[in-house]
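From a predicted model like this one, the values you see are computed outputs, not experimental measurements.
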Amino acid sequence: MQKSFLLYFLITFIGLVFIGRLFQLQIIRSESYDPIHNAAVKIIYDYPERGYIYDRNGKLLVANQLSYDVMVQPNQVKALDTLEFCKLLKIDKEDFLKRFQKAEDYAPYLASVFLKQLAKEDFAFLQEKLHKYTGFFIQKRIIRDYPIKAAANVLGYIGEVNEEKARNSTYYQQGELEGKDGVERQYEEILRGSKGKKYLHRNRFNKVTGSYKDGMYDTLPENGKDLRLTLDIELQLYAQQLMKGKRGGIVAIEPSTGEILALVTAPSYDPNMLVGRKRSKNSVLLFNDSISKPSYDRGLLAAYAPGSPFKMMNALIGLQENVINQHTAFRCYGGFRYGNRAGEFMGCHCGIYGSPIQLKTAIAKSCNSYFSNTYKRIVEKDNNPTQGLNTWHDHVASFGLGDFLGYDLPAGQRGLIPDGNYYDNRYKYSWNGSTIISNAIGQGEILTTPIQLANFTAAIANRGYFYTPHIVKKIDTAFIDNPNYTVAKKTTIDKKHFTPVIEAMHEVFKTGTGQWAQVKDIEICGKTGTAENFIIVDGVKEQLKDHSILVAFAPKDNPKIALAVFVENGGYGSTIAAPITSLMIEKYINGKISERNKYRELNMLNMSLQEIYDKQIQKPLEEIASRTK
């Protein structure tokens, strides 16, 4: 009796387990079930059109074009004439086997790319023959087209997802494309849209017999959204022309919004180089170039010593900390003597010897002695260098220096703004303002990127606040509504202290180091800079030609543009960076270059520093060779 009861119990229990499992599969999981792993189901993807990208004035920067991939699903492939098929695809048998093995390793039951981006003439011919080769089919894809050959560093490019991501992703399949850099990467989910899926049922002879479950799992594609950038492509193109034959970065910002008007890296490349089947070959050339670095965005990633433009920062902090005022005067005897040794001397080229110099003249003439004295007073305030430098650091950081700014592009560099703890560790608490006096003139350990300096300049133009720089203005027809970009960030410097500094920056272009780059009827405020440049060769420090720097904004009242210009090995800031800056300001505000400044434009367009760059490569090689003899 007990045995019969136990038998009935087991039969009933097993029956309930089966019923529960069927209920789970057919009822509970049916809504989220994806039949992708069902061998009786064929999936056809319908790819959406990727969003278009425009500049701030509606000029088309990125469009779409059709591409055709040969796809393969290994578990559906039957015996075929390999040689004939290879002839159709213009590949050899070894290549065929390698590609097929890669597809099997990825997933035998999933379709993956066998041959990418056929030429249109090859596609038309192959389409007629492909029905003979079971398991192979053509997949249409959207690839990019760039009507204007500019701003590759901003736009980025699209490329194939890697195998690991394709294997683990719930969206991407092997062979599909995604944004790899720039705006394409940052706004990938917005630009890509959502692909559609159509599930087809196959019988045991592998023939499609109709929709799977009457199309209950089918989805329609949703096109990606268009982007309107803050970029002014005409200004971008002009800046790229001015930087031809030079290396460096230019960043221009609209101070009242934080919108990036131009983001230039030089040298750069035509974005169409990374489209289609030529992409693989060109990417090797671009990404492996360790000398010119055309794929390296110097505007966002290159960390330079800011040089003399940083003197304005020390002026603002000195005013805020009440260690100077606009009438405070220091004398300059050809430089600043510091420390206990007679040889510790920082030279100066302000041209004012012995006379007392006040703030306005010190900025206009770029006096090293004035700002060395100011910096020393800031650091040694209350006889506590560590605390003094920490206070200085916090003021500098409030302008966005020494950290990522939070802009909407994937590349970035922190730079370096040292604090008291940095030097406590370095000098074991035995240091003062004189020990680190190079920071007074934007040298020493300080490192900033062009976009950070452009943002710093915009904060001065706004008299104490800035908006986080950003590159996207609209998504479809809606303006961006991200508080990170629409809410102003305040600096720690009181508004009243900006007035004397701005007046001094205006004087730079009236009577100071930038006077030869004036533009009639536009009041430019700026500061030239020359930053020392070194390289380590075989353990020996070698000095190279200085970098040419200028930061500026204009007009003085109600500024429309703020920018930072870095030209590597360009020498004095007044010789190259200043004329480039004034030309960009004139172009943006007036829409053209006046006849009186055409000579300046022609000079900059034709100026190349390539000979200097070539010598800098050759010189270290020769010195290494001489040391190893």
* **Sequence neighbours excluded - side-chain hydrogen bond (donor to acceptor under 3.5 Å, both in side chains) pairs with any residue from residues 294-308** => N153-D297, R298-E568, Y304-E568, S308-K311, S308-S366

* Less than 4.5 Å apart, any side-chain heavy atom of F456 and any of M312? -> yes

* Asked: Hey, would you say the Y407 and H470 ring centroids sit under 6.0 Å apart?
  -> no

* **E445 atom CD, over 12 foreign heavy atoms within 6.0 Å** => yes

* Asked: Who pairs with Q610 by side-chain hydrogen bond (donor to acceptor under 3.5 Å, both in side chains), at least two apart in sequence or on another chain?
  -> D614

* To do: State, yes or no, whether a side-chain contact exists between Y238 and M243 at a heavy-atom distance under 4.5 Å.
  => no

* Asked: Is any side-chain heavy atom of Q452 less than 4.5 Å from a side-chain heavy atom of T449?
  -> yes

* Side-chain donor-acceptor pair present, N484, N482, cut-off under 3.5 Å -> no

* Asked: So, are R99 and D95 salt-bridged, with charged N and O less than 4.0 Å apart?
  -> yes

* Asked: Within the distance-only criterion (no hydrogens, no angle test), does the side chain of D476 pair as donor or acceptor with the backbone N or O of D226 below 3.5 angstrom?
  -> yes

* Exercise: do N569 and R247 side chains pair donor with acceptor under 3.5 Å -> no

* Nearest heavy-atom pair of D69 and V113: which atoms, and what distance? -> OD2-CG2, 3.9 Å

* Test K195 against every option in E178, E176, E222 by the salt bridge (charged side-chain N to carboxylate O under 4.0 Å, His left out) rule and name the one that passes. => E176

* Greater than 12 external heavy atoms within 6.0 Å of K102's NZ -> no

* Please answer whether the main-chain N or O of E164 pairs with a side-chain N or O of N168 as donor and acceptor at a distance below 3.5 Å. => yes

* Using the six-membered ring wherever Trp is involved, compare the ring planes of Y52 and Y54 and label them parallel, tilted or perpendicular (cut-offs 30° and 60°). => parallel

* **N-O pairing of E94 and K98 below 4.0 Å** => no

* Decide, yes or no, whether a salt bridge links K198 with D218 under the criterion of side-chain N to carboxylate O below 4.0 Å. => no

* NZ of K587: more than 12 outside heavy atoms within 6.0 angstrom? -> yes

* When you measure from the side chain of K180 to the backbone N and O of E160, does any donor-acceptor pair fall under 3.5 Å? -> yes

* Close side-chain approach of Q173 and Q139, heavy atoms under 4.5 Å -> no

* Note, R600 side chain near P579 side chain (heavy atom, < 4.5 Å) -> yes

* To do: Using the six-membered ring wherever Trp is involved, compare the ring planes of F136 and F96 and label them parallel, tilted or perpendicular (cut-offs 30° and 60°).
  => tilted

